[in-house]
Amino acid sequence: MKRRKFIQNAALGTVGASTLASALVACSDTEKKTKAAAIDTQNKNAPVVIATWDVKDATAAAWQSLEKGNSALQAVIDGCGVEEANADGQSVGIGGLPDRDGRVTLDACVMNEHGDYGAVLCMENIKHPIAVAKMVMEDTPHVILAGVGAEQFAVSKGFKRENLLTEASKSGWEEWKKTAQYEPIINIENHDTIGMLVMDKNGTISGGCTTSGLAFKMAGRVGDSAVIGSGLFVDNEIGACTATGLGEEVLKTVGSYLVVELMRQGKSPDQACKEAVMRIVNKSKNYKNFQVGYIALNKKGETGSYSIHDGFVTTTYKNGINETKKPEYFDKL
Ligand code: GLY
């Protein structure tokens with residue numbers, strides 16, 4: 001579809017009458033009113049792509065994927081894949097900073113509009129874990145594959161094994177070994193863990209999250225990014241959320257699920273992200289020393305975000321405009 005036509009359709013919020021009619025079949029009157037209201041308003045802002053950090057190439061790739069008529073899920077794979085293939089980015093895909101043994105291990109997951117989920121954890125030697133996660137979801141009876149099993153599965157699907165430890169990341173690791181002090185650094189992930197939420201022109205939502213995790217982590221450590229409800233949660237009736245930052249803290253509060261449930265209760269994406277961040281701030285004495293940021297998207301196509309500290313940015317592609325924004329943050333250092 002031509003770009004102009006795509007944007008026109010998006011602006012008009014095209015939903016076929018037959019879609020509306022079929023969605024209303026077998027509903028009670030109250031349910032019908034609620035569903036009709038949701039469907040009526042859901043597409044005003046669609047399509048929309050939002051991602052953690054300054055990743056305009058990734059959001060542009062997702063947008064272009066939608067323009068080609070691909071699904072929201074495929075747009076997530078295409079968008080996140082750009083960062084995974086970027087050897088200069090040191091926290092996603094190739095070039096990710098390694099664990100303390102010098103191994104680059106990757107975590108990624110996806111969720112689609114049906115609530116299906118697929119993930120790979122602690123996978124080595126494969127550049128595109130998000131695409132492998134989609135295949136775990138679609139082509140296996142499981143939802144998570146980890147370690148060597150995930151790598152073998154990827155190879156069986158045609159992925160090429162390659163060395164993900166670039167010279168720059170190797171030097172970073174060798175430098176780190178001089179002190180071997182382990183301390184997650186606020187916003188070290190800048191240009192990191194890419195979490196992406198996509199709504200297509202019909203209001204269908206999917207999401208994905210991909211990371212090499214914390215630099216110099218213990219061997220076998222897995223963070224939030226590939227764990228359903230923590231690094232990512234999608235409920236196509238309500239919205240979606242994805243996280244970045246110190247995964248241990250996101251995991252302990254099941255952050256992305258929390259944000260979606262708060263939106264279900266009527267909070268805006270901004271309010272829901274803020275409340276989830278405050279849950280961490282209020283529980284963790286140590287919050288001054290780490291960053292967590294959330295981005296969220298609701299069924300109306302509204303986006304929101306919030307982080308503990310300054311430094312977090314988001315990228316949104318909406319109405320044909322690809323822009324980076326600095327969200328509100330708590331920050332009382
Ligand atoms: N948020 C990425 C990680 O903690 O692994």
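Remember, it's a predicted structure, so these values are computed and weren't measured experimentally. All ligand and atom numbering here is 1-based and tracks the order in the structure.
- Side-chain atoms of Lys217 and Thr105 form a donor-acceptor pair, as typed in the model, at a separation below 3.5 Å.
- Here the shortest heavy-atom distance to atom 3 (C) of ligand 1, taken over Thr210, Asp224, Asp107, belongs to Asp224.
- For ligand 1, the atoms closer than 4.0 angstrom to any heavy atom of Gly245 are 1 (N), 2 (C), 3 (C), 4 (O).
- A salt bridge links Glu275 with Lys267; the closest basic N to acidic carboxylate O contact falls under 4.0 Å.
- The residue Gln291 has no part lying near ligand 1, judged by heavy-atom distances below 4.0 Å.
- Below 3.5 Å of separation, one finds no N or O of Gly213 facing any N or O of ligand 1.
- Within a 6.0 Å radius of CZ in Arg100, other residues, nucleotides and ligands contribute more than 12 heavy atoms.
- The shortest heavy-atom distance from Lys217 to ligand 1 is not under 4.0 Å.
- Below 4.0 Å from some heavy atom of Thr193 lie the following atoms of ligand 1, by number and element: 1 (N), 2 (C).
- Near Ser225, the atoms of ligand 1 lying under 4.0 angstrom from a non-hydrogen atom of the residue are 1 (N), 2 (C).
- A salt bridge links Glu249 with Lys252: at least one charged nitrogen is closer than 4.0 Å to a carboxylate oxygen.
- For ligand 1, the atoms sitting less than 4.0 Å from at least one non-hydrogen atom of Gly223 are 5 (O), numbered in the order shown with element in parentheses.
- Residues Thr59 and Asn322 have side chains that bring a donor and an acceptor to within less than 3.5 angstrom of each other.
- For the 3.5 Å distance criterion, the side chains of Asp224 and Ser230 fail to qualify, holding no donor opposite an acceptor.
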